[in-house]
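Computed from a prediction, not measured in an experiment: that's the story for all the values here. These values consider heavy atoms only, across backbone and side chains, with no hydrogens, waters or symmetry-generated copies. Letters A, B, ... are given to chains in the order of the sequence lines, protein chains preceding strands, and every chain is numbered from 1.
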Number of protein chains: 2
Amino acid sequence: MELDSRKKAILYAIIRNYQETGEPVGSRTISKLSELSVSPATIRNEMADLEELGLIIQPHTSAGRIPTDKGYRLYVDELMKDQKLLPASMSDQTAILKRVDRVEELLMQMAKLLAKSTRYATMVTGPTYSGNKLKYLQLSPMGTGKLLAVIVLDGNIIKNNIFDIGEDISDETVLSLNLLLNNNLNGLRLEEINLGIITKIKEEAGAYADIVSKVLDAVASAIGTDEKPKVYTSGARNIFQYPELSGGDTASEIISTLEEKEDLGAALADVHELTDKHDIQVYIGDEVPVDSMKDCSVVTATYELTSGVRGKIGIIGPKRMDYERVVSTIKDTMSQLDTIFKKENGEE
Amino acid sequence: MELDSRKKAILYAIIRNYQETGEPVGSRTISKLSELSVSPATIRNEMADLEELGLIIQPHTSAGRIPTDKGYRLYVDELMKDQKLLPASMSDQTAILKRVDRVEELLMQMAKLLAKSTRYATMVTGPTYSGNKLKYLQLSPMGTGKLLAVIVLDGNIIKNNIFDIGEDISDETVLSLNLLLNNNLNGLRLEEINLGIITKIKEEAGAYADIVSKVLDAVASAIGTDEKPKVYTSGARNIFQYPELSGGDTASEIISTLEEKEDLGAALADVHELTDKHDIQVYIGDEVPVDSMKDCSVVTATYELTSGVRGKIGIIGPKRMDYERVVSTIKDTMSQLDTIFKKENGEE
DNA sequence: TGTTAGCACTCTGATAATTTGAGTGCTAAC
DNA sequence: GTTAGCACTCAAATTATCAGAGTGCTAACA
């Protein structure tokens, strides 16, 4: 059986209507709603075909139809239109990303903003700094037998670590270590700090090889704290708007997953090749890589702050979410982010 | 009418029973349950009195009684017994605080632990650093016209700030500024850095007074980011266990408040005088200073990491929460925290 | 005077019966 | 291929019924 254009139109109409109402939609509704002027009976015939194709089902005899996961998939892949959103600056919700100093705050703000404008739950993972360059490394003596290492990465991301070195060293030694380390490491990407370089530095450090070793450990662990990237979430309460999610354990499970955050980070992190511009991906129902969200759909995208500093955002809603609006909202937010960030960088 | 000891016993029994079941409790139940051996009829007479005193009510005729807010208040103030909890190390839930490096992680862990062992929702505010001393201040040139300030407080709390100074300065100047600032500021509490000291430093800085001024601004703003202290929450899902909270909008409101966190921080922050050891306070129903939680009870306590570094924790549950268990769990956790922290400090 | 048994009364919550209405599939006519 | 008509189905809403828990009151009792 072929999917002719009328069947597509009907499927489209069913999905759009179900998105709004959350109720199974019947043949009469479609007949009145859609611009193709055919009788309910005709629609019924077509719907029977669509059901046979596995694109829609009846929750029970004598109910209207609702889309299946497969139906949504087809919708997302082929039927969905590129919706043009009003520029955020002109829309009534004034959902505009403000420039803030700290990346952390910006991401939190982004999560909130997306939650507000999509009216779904959102998550934003903190950026991974892979590919980032070491800009500056500063050691300072900190009391007895301790050193403070301040590590500055490209893009002015700052990390600290205080660690034991087990012995007191003089200020001059610290100074020369600083010099040594900066000379050898500055400008390198973190992956580039390999054994060869480490050995070389140790040789030059002579008697202080041990300390160098500890410093490098400290650097690794300071960076390493971002191995499990932070996840910011917002709009959890929006889950309650959708009866299909708020009933039973589902809501509880979802809220809990959003709260724990670890699972989210892991699930979002797994794929990281950039296909197109923002790498927008749609996961429907069972496709969602988080167990507790198998009743949801999740739309993810990749953002980029500065070159190589990337993270993921995700919008979590019911399967009948308004994919078109979500996608265009994401795009809009991304372009705001681009503007802000290019500008912010440009100013430096 | 007086509250004789039998009435108290009955009230106690009603509250304890209602805590377990969540169902209105009738005279028969009390008669069987409580050790005072009187007939249901007698209990009924007493219950009528308790109702007249406003300590319990009937949800409707021919239902059992449930405690009123006033009833709970009396319970908490007078009836509640000090429950001795098994030491956490011996209990089955192995809810033991582990020592971790970063304060942030420790607090998050504490929120989770409390949520797990009380089975209610929890919140933990980040510490306020008032009273903390400046241990070390480090300026480093950072590209053109920028300085990196690293601020270390007592207890090895580290803050960063990168800021513009509008002009290039030589490494030597930075070095001497470092010296100047450290000589004048180290060991001071943050409130002690007043105009007098600032003026003095500026005078000594001579031509670099402007820069000093900017550095101090940077210090202030780095510290200032904690004016709205961070709030960590956990166990939101526990709300769903209690029908009186999970129905209607209540759950949604609570979850949303927990997620937003700002309101929580504000509400917890308002009182900060330490009355007794941990300053445990119980807010029942309308007493709770957060609107969305008027149907809940909240138990708060103050923790102290190092001297003067204090924050609050809060346990959020239904009004019929097990106050005794919550209080003893808090005490237990606090003493764990003390142990860890004294030790951690001792090691330094 | 406090306690208790007995009893009529009340109200909720569960279960069952009934009704309504939306929606379908099928058939036959166009 | 399309449509009107119609019998049929099923969920959801409405109503009826019933059992049970719990009460308040009264009168008897210690």
Suppose we screen for side-chain hydrogen bond (donor to acceptor under 3.5 Å, both in side chains). Which residues come up paired with B:Gln58, at least two apart in sequence or across chains?
none

Could you tell me if B:Thr257 and B:Ser292 have a donor-acceptor pair between their side chains, going purely by distance under 3.5 Å?
yes

Please determine whether side chain to side chain contact (heavy atoms under 4.5 Å, CB included) holds for the pair A:Tyr232 and A:Met110, giving the CA-CA distance in whole Å, both sets of side-chain angles, and the decisive distance to 0.1 Å.
CA-CA 9 Å; A:Tyr232 310 91; A:Met110 190 156 76; over 6 Å; no

Within the structure, does a side-chain N or O atom of A:Arg6 lie under 4.0 Å from either OP1 or OP2 of D:dT2?
yes

Atom-to-atom span, CG of B:Asp4 to C1' of C:dG2 - whole angstrom
12 Å

Quick check: do B:Met80 and B:Val327 have side-chain heavy atoms less than 4.5 Å from each other?
yes

Run the salt-bridge test on B:Asp295 and B:Lys319 with the 4.0 Å N-O cut-off and return the result as yes or no.
no

Residues of residues 57-68 of chain B with a heavy atom under 4.0 Å from any atom of DNA chain C, listed by number, are B:His60, B:Thr61, B:Ser62

Would one find a side-chain N or O of A:Ser39 under 4.0 angstrom from OP1 or OP2 of D:dT2?
no

So which nucleotide does C:dC30 pair with, by the Watson-Crick or G-U wobble rule with both distances under 3.5 Å?
D:dG1

Answer with yes or no whether the side chains of B:Tyr75 and B:Glu324 bring together a donor and an acceptor at under 3.5 Å.
yes

Looking at B:Glu253 and A:Arg237, is there a salt bridge between them, counting it only when a charged N and a carboxylate O are closer than 4.0 Å?
yes

Check the distance between D:dT23's C1' and B:Met47's CE and give it to me in whole angstrom.
8 Å

Distance, rounded to the nearest Å, where A:Glu23 contributes CD and C:dA22 contributes C1':
11 Å

Distance check needed: D:dA27 P versus B:Arg44 CZ, whole Å only.
16 Å

Rounded to the nearest angstrom, tell me the gap between atom CG in A:Asn45 and atom P in C:dG25.
9 Å

Taking atom P of C:dG23 as reference, at what distance in whole Å does atom CG of A:Leu33 sit?
13 Å

Using whole Å, what does the distance between atom C1' of nucleotide D:dG24 and atom CD of B:Glu51 come to?
11 Å

Let me know the distance between CG of A:Leu36 and C1' of D:dT3, rounded to the nearest Å.
15 Å

Mate of C:dG23 where both pairing distances stay under 3.5 Å, Watson-Crick or G-U
D:dC8

